[in-house]
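First comes the structure, then the notes that go with it.
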Amino acid sequence: MSPVKIDKMGDWRRTHYSADIGPELDGQEVLVFGWVQEIRDLGGLRFLILQDKTGQLQITIHRHKVASEVVEKAESLQKQYSIGVKGTVKKMGKAPRGAEIVPNEMRIFSVSQQPLPLDITGRTKAEIDVRLDARVLDLRREENQAIFKVQHAALEAARAFLSKRGYIEVFTPRIIVSATEGGSALFPVAYFTREAFLAQSPQLYKEQLILDFEQVFEIGPFFRAEESHTRRHLSEFISVDIEQAFANAEDVMKVLEELIHNVCKAVAANCERELELLGHEIVVPEVPFKRLTYSKVLEELEAEKVHVPWGEDIPTAAYRVLGKLHPYYYFITDWPTKAKAFYIKPKDDNPELSEGFDLMWHWIELSSGGARIHSKELLMKRLSEQGLSTESFKTHLQAFDYGMPPHAGWGLGLARLLMVLTGVKNIREVVLFPRDQFRLTP
RNA sequence: GCCCUGGUAGUAUAGUUAGGCCUAGUAUAGGCGGCUGUCGCCCGCCCGACCCGGGUUCAAAUCCCGGCCAGGGCGCCA
């Protein structure tokens with residue numbers, strides 16, 4: 001039914017990306033591929049804005065100066081058609097890149113349904129729900145692509161940093177047998193004839209692995225069945241985790257702050273265009289980051305007339321107050337043992353306090369970690385104290401029979417870090433296809 | 001799970017407080033026509049919507065009840 005003739009790609013291959021096109025190529029024949037982003041028709045003159053993964057490019061069609069076949073094709077185009085253009089670069093001060101392409105030949109590979117479910121130029125803003133329903137179209141916007149280019153640069157920097165520091169990248173199971181790690185709720189899965197669960201963290205496995213590799217890291221998705229309804233929680237999220245043998249909390253805090261420092265530096269240096277698109281500036285944080293003890297935090301809150309009973313977790317409202325006092329990266333250390341997970345090591349000189357820490361940015365928790373218990377007896381004691389059965393941790397505890405060394409580690413929420421790096425306020429915008437309590441598609 | 005706010009064309013909004021003046025306004029997208037230097041092009045014409053169900057009333061987009069959906073906050077969160 002479509003009157004538009006679909007062409008084959010055939011032997012056409014791209015010679016240039018839009019970012020490569022500039023006045024210095026004046027007169028050169030090029031072949032570009034991409035999607036029609038905008039059309040401005042002035043009558044005898046028609047401008048197409050073509051977008052590819054590197055950016056945008058102007059194609060200019062003079063109705064009376066190019067082949068009628070090209071004119072015909074150009075006039076049948078709609079936003080979001082995917083096309084190829086073979087043409088001549090023309091130096092042109094009035095064009096966006098100082099150059100434009102005058103087409104000699106055009107191929108249309110695919111059409112699009114009109115009207116589109118949202119404005120791909122972003123001028124008419126759409127709500128997050130509408131945007132996520134049409135996510136691949138939403139990602140046509142360069143600002144949105146920029147978020148994921150920043151993510152790529154951040155991951156690249158993080159991997160390079162950890163490798164250089166002697167960590168080996170590992171993969172631990174996503175499908176686990178026990179729902180008894182404690183804390184957050186797990187998603188059950190049908191596993192052949194048994195019930196299994198999606199992993200909420202690599203914690204137990206990465207601890208076991210330091211017995212062999214000493215230093216491991218893992219970057220991967222984890223799952224939590226919490227009914228959290230906020231701009232900073234998802235039920236599926238990517239965690240950057242490390243674990244290290246013969247290390248204490250301070251040792252891995254140093255690794256964490258240096259990693260953040262390096263990631264910020266790399267993103268600031270390599271993502272200039274992306275940050276500009278996002279209208280965001282990265283100030284590379286100086287190390288070391290501030291370290292506040294839990295007790296100090298409570299005192300500071302008290303001075304702001306926010307009372308938190310010692311030993312309790314800090315409520316969100318209190319964190320917001322704290323974030324105003326410390327509007328950057330900082331650690332909270334020396335948490336009460338009872339406020340932390342069973343595997344976090346109590347301090348040798350004061351078991352009420354632990355070697356657990358959180359890395360904060362303003363009021364948001366980016367990472368949490370600590371030194372771990374390496375004594376099997378103590379670990380079993382802590383399990384019972386937290387009401388967990390030692391029986392269901394049997395295979396994990398086994399590792400502690402074979403020379404488990406002192407060790408420490410942390411887990412860092414990638415999306416939360418990305419929110420800081422991009423200035424985006426909703427975690428769902430920094431995840432391609434976010435999963436929360438209510439969203440399971442696309 | 002609890003609380004708050006909201007649901008009007010493809011998208012974003014006005015109108016809801018004080019029911020009638022709403023035959024539901026505007027922008028953008030879409031369709032048609034015009035226009036040779038646009039870059040949020042411009043100009044003219046056109047298309048297109050009150051979440052669902054029930055109730056109150058002479059009269060409901062507007063008030064009430066129920067449902068569904070969405071946004072946000074809290075709690076929860078190794």
Side-chain angles (χ1 to χ4, degrees), chain A residues 37-49 56-66 78-80 90 92-98 100 102 112-134 137-138 176 178-186 197-207 222-235 237 239 241 243 313-320 339-344 356 358 364-365 367-370 372 386 388 396 409-413 416 425-426 428 436-439:
Chain A
Q37 185 79 354
E38 285 183 68
I39 301 163
R40 281 188 287 273
D41 189 348
L42 274 63
L45 187 60
R46 172 175 276 237
F47 300 102
L48 305 177
I49 304 300
Q56 301 183 342
L57 175 69
Q58 180 166 289
I59 315 279
T60 305
I61 300 116
H62 295 264
R63 181 174 285 150
H64 305 297
K65 290 191 196 164
V66 299
Q78 298 269 33
K79 282 178 183 174
Q80 208 44 38
K90 195 176 162 198
M92 172 60 66
K94 285 178 278 190
R97 287 184 178 280
E100 61 193 13
V102 177
S112 64
Q113 216 176 76
Q114 302 293 331
L116 299 171
L118 49 73
D119 176 10
I120 53 172
T121 69
R123 280 168 208 137
T124 302
K125 296 252 179 290
E127 285 179 8
I128 185 75
D129 189 49
V130 171
R131 291 175 48 196
L132 291 175
D133 279 342
L137 264 193
D138 180 48
I176 59 173
S178 167
T180 52
E181 190 176 320
S184 74
L186 303 191
F197 298 90
L198 293 177
Q200 65 183 156
S201 120
Q203 185 59 34
L204 305 184
Y205 290 99
K206 64 178 185 171
E207 282 193 66
F222 292 98
F223 308 88
R224 292 190 189 166
E226 300 296 341
E227 293 173 330
S228 301
H229 198 192
T230 77
R231 287 179 297 177
R232 58 190 189 283
H233 288 91
L234 289 175
S235 32
F237 65 99
S239 179
D241 269 87
E243 200 68 30
D313 227 327
I314 298 169
T316 306
Y319 272 127
R320 286 181 194 269
K340 285 287 172 187
F342 70 88
Y343 50 78
I344 293 291
D358 285 351
I364 293 176
E365 181 189 329
S367 169
S368 135
R372 326 298 193 184
Q386 303 236 343
L388 298 165
H396 177 61
W410 43 255
L412 168 70
R416 288 191 180 178
K425 298 283 187 287
N426 190 327
R428 283 176 282 177
D436 60 35
Q437 192 185 347
F438 308 105
R439 178 172 288 278

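Letters A, B, ... are given to chains in the order of the sequence lines, protein chains preceding strands, and every chain is numbered from 1.
- For B/rU23 and B/rU62, the P atoms lie 14 Å apart once the distance is rounded to whole Å.
- Remark: P of B/rA29 and CG of A/Asp41 are 14 Å apart, rounded to the nearest angstrom.
- A/Asn426 has a side-chain polar atom (N or O) that falls below the 4.0 Å cut-off from OP1 or OP2 of B/rG72.
- A/Phe223 comes within contact range of no nucleotide atom at all, as no heavy-atom separation falls under 4.0 Å.
- Put simply, A/Gln437 has no side-chain N or O that comes within less than 4.0 Å of OP1 or OP2 on B/rC76.
- When distances are taken from the side chain of A/Asp119 to each of B/rG73, B/rU28, B/rU38, the shortest belongs to B/rU28.
- Across the P atoms, B/rG71 and B/rU11 are found 15 Å apart, a figure rounded to whole Å.
- Distances from the side chain of A/Pro115 to the nucleotides B/rC77, B/rU11, B/rG30 place B/rG30 closest.
- Among the atoms of the strands shown, only primed sugar atoms or phosphate atoms (P, OP1, OP2) are found under 4.0 Å from some heavy atom of A/Arg231.
- Using a 4.0 Å cut-off between charged nitrogen and carboxylate oxygen, A/Asp436 and A/Arg231 do not count as a salt-bridge pair.
- The nearest whole Å value for the distance from the NZ atom in A/Lys79 to the P atom in B/rA29 is 5 Å.
- The base of B/rG37 lies close enough to the side chain of A/His62 for a donor and an acceptor atom to sit less than 3.5 Å apart.
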Going through the distances and angles, do A/His233 and A/Glu227 end up as a side-chain contact (heavy atoms from CB on, under 4.5 Å)?
CA-CA 9 Å; A/His233 288 91; A/Glu227 293 173 330; over 6 Å; no

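- Rounded to a whole angstrom, the distance from the C1' atom of B/rG15 to that of B/rG25 is 8 Å.
- Among the atoms of the strands shown, none is found under 4.0 Å from any heavy atom of A/Ala317.
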side-chain contact (heavy atoms from CB on, under 4.5 Å), that's the test. Do A/Gln114 and A/Leu116 meet it? Break it down for me.
CA-CA 5 Å; A/Gln114 302 293 331; A/Leu116 299 171; 4.0 Å; yes

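- The nucleotide B/rC45 finds its pairing partner in B/rG31, both defining distances of the Watson-Crick or G-U wobble pair being shorter than 3.5 Å.
- Comparing atom distances between the A/Glu226 side chain and each of B/rC76, B/rA70, B/rU36 picks out B/rC76 as nearest.
- If you take atom C1' in B/rU57 and the same atom in B/rC64, they sit 12 Å apart, rounded to whole Å.
- Base contact: A/Pro96 has a heavy atom under 4.0 Å from a base atom.
- A/Lys125 comes within 4.0 angstrom of the backbone, heavy atoms only, and of no base.
- When the C1' atom is used for both B/rG66 and B/rA49, the distance is 24 Å, rounded to whole Å.
- The nearest whole Å value for the distance from the CZ atom in A/Phe47 to the C1' atom in B/rG37 is 4 Å.
- Of the candidate nucleotides B/rC41, B/rU11, B/rG75, B/rU11 has the atom nearest to the side chain of A/Val130.
- Closest approach to the A/His229 side chain among B/rC41, B/rG1, B/rU38 is made by B/rG1 (side chain taken as heavy atoms from C-beta onward).
- Residue A/Pro117 is the one, among A/Pro117 and A/Asp129, whose nearest nucleotide of RNA chain B lies closer to the 5' end (criterion: closest heavy atom).
- If you find the closest nucleotide of RNA chain B to A/Asp313 and to A/Arg232, the one lying nearer the 5' end belongs to A/Arg232.
- Across all strands shown, B/rG75 remains unpaired; no Watson-Crick or G-U wobble contact has both distances below 3.5 Å.
- Remark: A/Arg40 is in phosphate contact with B/rC41, judged by side-chain N or O atoms under 4.0 Å from OP1 or OP2.
- The separation of B/rG53 from B/rC58, taken at their P atoms, amounts to 23 Å, rounded to a whole angstrom.
- Separating the C1' atom of B/rG31 from that of B/rG10 is a span of 13 Å, rounded to the nearest Å.
- To the nearest angstrom, P of B/rC42 lies 10 Å from CG of A/Leu42.
- Salt bridge annotation for A/Arg439-A/Asp133: present, with a cationic side-chain nitrogen under 4.0 angstrom from a carboxylate oxygen.
- For the pair A/Arg428 and B/rG71, the criterion of a side-chain N or O lying under 4.0 Å from OP1 or OP2 is met.
- Of the candidates B/rG73, B/rG37, B/rA12, the closest approach to any side-chain atom of A/Glu127 belongs to B/rA12.
- Contact check for A/Gln56 versus A/Gln37: side-chain heavy atoms found under the 4.5 Å cut-off.
- With hydrogens and angles left out, the side chain of A/Glu100 and the base of B/rG37 share a donor-acceptor pair within 3.5 Å.
- The partner of B/rU26 is B/rA12, by the rule that a Watson-Crick or G-U pair needs both atom distances under 3.5 Å.
- As judged by a 4.0 angstrom heavy-atom cut-off over every strand, A/Ser228 is placed among the base-contacting residues.
- For B/rU16 and B/rG7, the C1' atoms lie 13 Å apart once the distance is rounded to whole Å.
- Close to B/rC74, at under 4.0 Å from its OP1 or OP2, lies a side-chain N or O of A/Arg320.
- Residue contacts for A/Ile49: at a heavy-atom cut-off of 4.0 Å it reaches no nucleic acid atom on any strand shown.
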